[in-house]
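Here the structure is laid out as structure tokens; the discussion comes afterwards.
Just so we're clear, the structure is a prediction, and the values are computed from it rather than from any experiment. Quick note on labels: first sequence line is chain A, next is B, and so on, each numbered from 1.
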Amino acid sequence: MQNELVSSIYETLLGKIGHLHWWPADTPFEVVIGTILTQQTKWTNVEKAIDALKSSDLMEPEKLAVEDVEQIEDLVRCCGFYRQKARRLKDIAEFFATEGMDNIFSLPTKELRDLMLSLKGVGNETADSIVLYAADKPKFVIDAYTTRIMKCIGIEGNYMQLQRLFESELPSEVPLYKEYHALIVEYAKNYCGKKQCNDCILLHRFKDREVKNG
DNA sequence: CACCAGGTTGACC
DNA sequence: GGTCAACATGGT
């Protein structure tokens, strides 16, 4: 029986870490930029690139869409994969400028997710991050950390399977989804390494729980 | 020096 | 459906 497992993990993480209030950004468009830049990249480097884009007055779809891609490459180089990221940021900016951010973000959740997935450079996690943190709609974000933590506890699954698990066991509340994903990232970075767990309270508390009650 | 970071894509089976 | 190399810089 694991119908309380997902909520219990949340309470545990919240108790240990406290509220994080993600996503750190001034505007929805800045969230979108951040979701692309942070792919396989430390957030400290993303911050540098975002600051650079702001300093160049490019943190708006209409302005980024018409900037030279070479210039964008220079500004986001510190994030790695800088050529494809620069190209994709420019294309995404053009899309948002053309369609209108408000029009896009006011779409129903599923339509918005599918639309984001149609953009080059936007996969499952990035699409869900945009839906949740930029558009404020309930979609639970799964990432490598989430997959790792759940596997550590004894629950394996692909992206959509894990997302279904979280969304089916949690109330569909945007603030909860936002905070939970943030807590998972912060927790995993510090306590659930790729090779070994360091004093992992989740492991101690929840592993084999479903077996005992099953 | 080796390894990792808040993934995605296109090719392949 | 799943797997894999490629994409690239910066920090430990």
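For the pair A:Arg88 and A:Tyr133, nearest-nucleotide mapping onto DNA chain B gives the more 5' position to A:Tyr133. A residue-by-residue look at A:Lys194 and A:Val122 shows that A:Lys194 has its nearest nucleotide of DNA chain B further toward the 5' end.
No more than 12 heavy atoms of other residues, nucleotides or ligands shown are found within 6.0 angstrom of CZ on A:Arg83.
A:Trp43 and A:Phe81 fall into different hydrophobic clusters, where Ile, Leu, Val, Met, Phe, Trp and Tyr residues are linked whenever their side-chain heavy atoms come under 4.5 Å apart, directly or through other members.
The CD1-P distance, from A:Ile130 to B:dG7, rounds to 14 Å in whole Å. Note: OH (A:Tyr159) to C1' (B:dG7) measures 11 Å, nearest angstrom. As a whole-Å value, the separation of A:Lys189 NZ from C:dG11 P is 15 Å. Atom pair A:Leu117:CG and B:dT9:C1' shows a separation of 13 Å (rounding to whole Å applied). Rounded to whole angstrom, the span from the CE atom of A:Met116 across to the C1' atom of B:dG7 amounts to 17 Å. Straight-line distance from the CG atom of A:Asn190 to the P atom of C:dT12: 14 Å, rounded to whole Å.
A:Phe140 and A:Tyr177 have perpendicular rings, their planes meeting at more than 60° on a 0 to 90° scale where under 30° would count as parallel. Classification of the A:Phe105-A:Phe96 ring pair by plane angle, with boundaries at 30° and 60°, yields tilted.
Note on A:Lys139 versus A:Glu167: salt bridge recorded, some NZ/NE/NH1/NH2 to OD/OE distance being below 4.0 Å. Ion pairing between a basic and an acidic side chain is recognised when a charged N comes within 4.0 Å of a carboxylate O; A:Arg88 and A:Asp91 show no such pairing.
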Classify every nucleotide of nucleotides 1-10 of chain C by which part a protein heavy atom approaches to under 4.0 Å, writing B for the base, S for the sugar-phosphate alone and - for neither, in 5'-to-3' order. -S----BBSB
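The salt bridge (charged side-chain N to carboxylate O under 4.0 Å, His left out) analysis of residues 22-38 of chain A, with sequence neighbours excluded, yields the pairs A:Asp26-A:Lys54, A:Glu30-A:Lys54. For the salt bridge (charged side-chain N to carboxylate O under 4.0 Å, His left out) condition, no pair includes a residue of residues 34-53 of chain A, sequence neighbours left out. Listed by first then second residue, pairs satisfying salt bridge (charged side-chain N to carboxylate O under 4.0 Å, His left out) with a partner in residues 174-186 of chain A read A:Asp136-A:Lys178, A:Glu186-A:Lys189, not counting sequence neighbours.
Although no hydrogens or angles enter the test, the distance criterion places a donor-acceptor pair under 3.5 Å between the side chain of A:Gln39 and the main chain of A:Gly121. Under the 3.5 Å distance criterion, the side-chain polar atoms of A:Thr38 are left unmatched by any main-chain donor or acceptor of A:Gly34.
Comparing the same atom, P, in C:dG10 and in B:dT8 gives a spacing of 22 Å after rounding to whole Å.
Using a 4.0 Å heavy-atom cutoff across all strands shown, A:Leu119 reaches sugar-phosphate atoms only and no base atom.
The stretch residues 134-147 of chain A has no heavy atom under 4.0 Å from DNA chain C, so no residue of it qualifies as close.
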Report all interatomic pairs (protein N or O, nucleotide N or O of nucleotides 10-13 of chain B) with separations under 3.5 Å.
residue: B:dG10; atom: OP1; partner: A:Lys120; partner atom: NZ; Å: 3.3

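Look at A:Arg87 and you won't find any side-chain N or O under 4.0 angstrom from OP1 or OP2 of B:dT8.
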